[in-house]
Amino acid sequence: MNNQIQRLKVLGAGIFSLLLVLGVARFSYTPLLPLMQEQAGLGVAAAGWLAAINYAGYLSGALIASLISDLVLKDRLFRIGMVVAILSTLMMGLSTDVTVWAISRFLAGLSSAAGMLLGTGLILHWLIRHNHRSELGIHFAGIGLGIAGCATFVAVLSQWLDWREQWFAFTALGCLFLIPALAWLPPPDTSGLTSTGQKMQDRPPSPLYLRIFMAAYFCAGIGYVVSATFIVAIVNKLPGLAGQGNLVFLAIGLGAAPACINWDFIARRTGDLNALILAAILQIVGILLPVLMGGLTAALFGALLFGGTFIGMVSLVLTMAGRYYPTRPAKMMGKMTLSYGAAQILGPAVTGTLATYFGSYNAGLYFAAAVMAIGTVLLLVLKVVERRDAMRLAM
């Protein structure tokens with residue numbers, strides 16, 4: 001019984017850390033973006049570059065995570081990252097200088113990597129060490145809850161607070177999330193053994209498998225980042241949907257909250273790669289629905305589909321990476337996220353440029369869907385490579 005309570009507390013620490021680094025430090029920027037454009041003079045191109053800088057911070061954090069093997073150091077950096085998330089949120093409300101905002105977004109990106117990679121790696125290591133199922137669906141529910149929560153927070157607070165005061169309100173909320181995020185995660189065990197004394201062994205994939213996997217995840221990063229960054233602004237500009245962007249962003253969060261648990265169940269039945277391919281196809285549909293069909297119903301259904309798939313892909317990929325390296329899960333997670341993070345620097349910059357050129361964000365969505373289609377083909381190729389590798393090992 002105590003072991004189950006401890007498991008729930010560890011997963012709870014993960015949920016609160018993701019609520020902090022993503023819901024507060026990262027995703028609050030998306031529903032606040034139209035408000036900052038209206039009240040603080042933030043331009044379309046600058047908005048895109050700020051998002052790109054956020055992902056540069058995330059990419060830097062992923063690089064650090066991929067280079068570190070020491071669990072104690074990972075734990076220390078994870079805890080520092082939680083505090084940095086709060087400071088980066090506070091900075092957004094303290095200035096109207098784009099340079100200060102850029103520094104804030106970079107730091108928020110670093111803190112996101114601390115939560116998503118170091119925190120997730122520490123939690124997966126704890127689950128494997130204590131002989132629990134190595135699935136992260138409950139942990140990753142924090143991302144969907146963070147998206148839905150910050151969309152609701154902005155929708156409610158916009159009646160009373162301006163853009164600056166809302167950043168301060170998010171800072172206060174982040175301080176509440178910080179307490180369980182730090183208190184409920186125990187220090188890491190460095191023995192390399194499970195709690196029943198079995199040795200934890202790494203089983204890395206082949207170099208070809210890893211390269212194709214990283215390329216496919218790069219495509220998934222492009223597919224994710226365009227909608228995640230610009231969906232509120234995109235929907236507000238669609239005919240008849242002015243002011244509905246926050247509602248659609250809320251739908252993404254509601255779609256994402258239970259998604260990782262659902263994809264854990266799907267992957268158990270179909271296998272991880274088949275689950276990833278299905279998620280990628282459904283995500284393409286979710287990305288395109290708002291512009292192809294038009295209307296609020298299509299936008300909401302597309303948002304539910306998008307939210308229910310992008311986070312499922314992240315959860316499945318990071319769980320797979322962690323299983324290959326149970327003694328140091330964040331190492332391959334970091335490599336995969338370097339690929340995902342590079343896409344997230346490129347995606348907003350390209351979308352901002354396309355929006356400036358065409359006068360609409362629609363071209364960015366078509367770009368994201370096309371890249372996702374390439375990623376789906378790469379996942380199909382990966383199935384062939386996986387079979388080839390299995391045959392070689394059997395010989």
Side-chain angles (χ1 to χ4, degrees), residues 13-14 16-29 49-92 101-125 136 139-140 142-143 146 174 177-178 181-182 185 188 214 217-218 220-222 224-225 228-229 310-311 314-315 317-319 321-322 325 328-349:
F16 279 108
S17 70
L18 293 178
L19 282 170
L20 172 55
V21 300
L22 295 176
V24 169
R26 159 65 186 104
F27 284 124
S28 54
Y29 176 71
W49 280 109
L50 283 179
I53 288 164
N54 176 260
Y55 290 111
Y58 189 54
L59 188 64
S60 302
L63 180 61
I64 293 166
S66 72
L67 296 173
I68 299 173
S69 295
D70 185 337
L71 279 172
V72 175
L73 179 57
K74 285 178 186 176
D75 182 67
R76 190 171 301 137
L77 290 176
F78 163 75
R79 293 172 193 279
I80 292 168
M82 296 304 100
V83 177
V84 169
I86 289 172
L87 295 176
S88 70
T89 309
L90 178 64
M91 283 176 70
M92 288 299 288
W101 287 343
I103 294 168
S104 160
R105 294 302 80 204
F106 185 84
L107 291 174
L110 277 177
S111 74
S112 296
M116 276 291 287
L117 301 175
L118 299 178
T120 298
L122 289 165
I123 286 163
L124 188 62
H125 180 270
L136 292 166
H139 164 65
F140 280 120
I143 300 177
F177 294 154
L178 180 69
L182 296 183
L185 185 66
M214 288 177 72
Y217 202 42
F218 174 88
I222 294 283
Y224 151 73
V225 72
T229 304
F310 90 80
I311 191 55
V314 171
S315 175
V317 167
L318 294 187
T319 303
Y325 289 93
R328 42 193 180 145
K331 197 168 183 68
M332 185 174 163
M333 287 180 186
K335 284 183 180 175
M336 295 304 295
T337 304
L338 283 172
S339 186
Y340 202 66
Q344 292 170 43
I345 294 172
L346 183 65

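Model, not experiment: these values are computed from the prediction. In what follows, every heavy atom counts, from backbone to side chain, and hydrogens, waters and symmetry copies are set aside.
Atom CG of Leu87 is separated from atom OG of Ser111 by 9.5 Å, given to the nearest 0.5 angstrom. Distance check: Met116 CE to Ile143 CD1 gives 4.0 Å after rounding to the nearest 0.5 Å. In this structure, CG in Leu318 is found 9.5 Å from CG in Leu124, a value given to the nearest 0.5 Å. With values rounded to the nearest 0.5 angstrom, Leu77 atom CG is found 6.0 Å from Leu118 atom CG. Once rounded to the nearest 0.5 Å, the distance linking CG of Leu107 with CD1 of Ile53 reads 11.5 Å. Here Ile86 contributes atom CD1 and Leu178 contributes atom CG; the two are 4.0 Å apart, rounded to the nearest 0.5 Å.
The two atoms that bring Leu338 and Ser66 nearest to each other are CD1-OG, 4.0 Å, heavy atoms only. Residues Met82 and Ala181 approach most closely at SD-CB, 4.5 Å, considering heavy atoms. In terms of heavy atoms, Ile311 sits closest to Phe140 at CG1-O, 4.2 Å. Contact detail for Ser104 and Ser88: the closest heavy-atom pair is OG-O, 2.6 Å. Taking each heavy atom of Ser112 and Leu22 in turn, the nearest pair found is OG-CD2, 3.7 Å. Considering every non-hydrogen atom in both Phe218 and Ala343, the closest pair reads O-CB, 3.0 Å.
Although no hydrogens or angles enter the test, the distance criterion places no donor-acceptor pair under 3.5 Å between the side chain of Ser339 and the main chain of Lys335.
For the pair Leu185/Asp75, a side-chain contact is recorded, criterion being any heavy-atom separation below 4.5 Å from C-beta on. Taking 4.5 Å as the limit, every side-chain heavy atom of Asn54 sits out of range of all side-chain heavy atoms of Tyr29. Counting heavy atoms from C-beta on, the side chains of Met91 and Ile103 come closer than 4.5 Å. Taking the side chain as every heavy atom from C-beta outward, Tyr217 and Val314 approach each other to under 4.5 Å. In this structure, the side chains of Phe106 and Leu110 come closer than 4.5 Å at one or more pairs of heavy atoms.
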(request) Begin with the C-alpha distance, continue with both residues' side-chain angles, and end with the deciding distance and a verdict on side-chain contact (heavy atoms from CB on, under 4.5 Å) for Arg26 and Val21. (result) CA-CA 6 Å; Arg26 159 65 186 104; Val21 300; over 6 Å; no
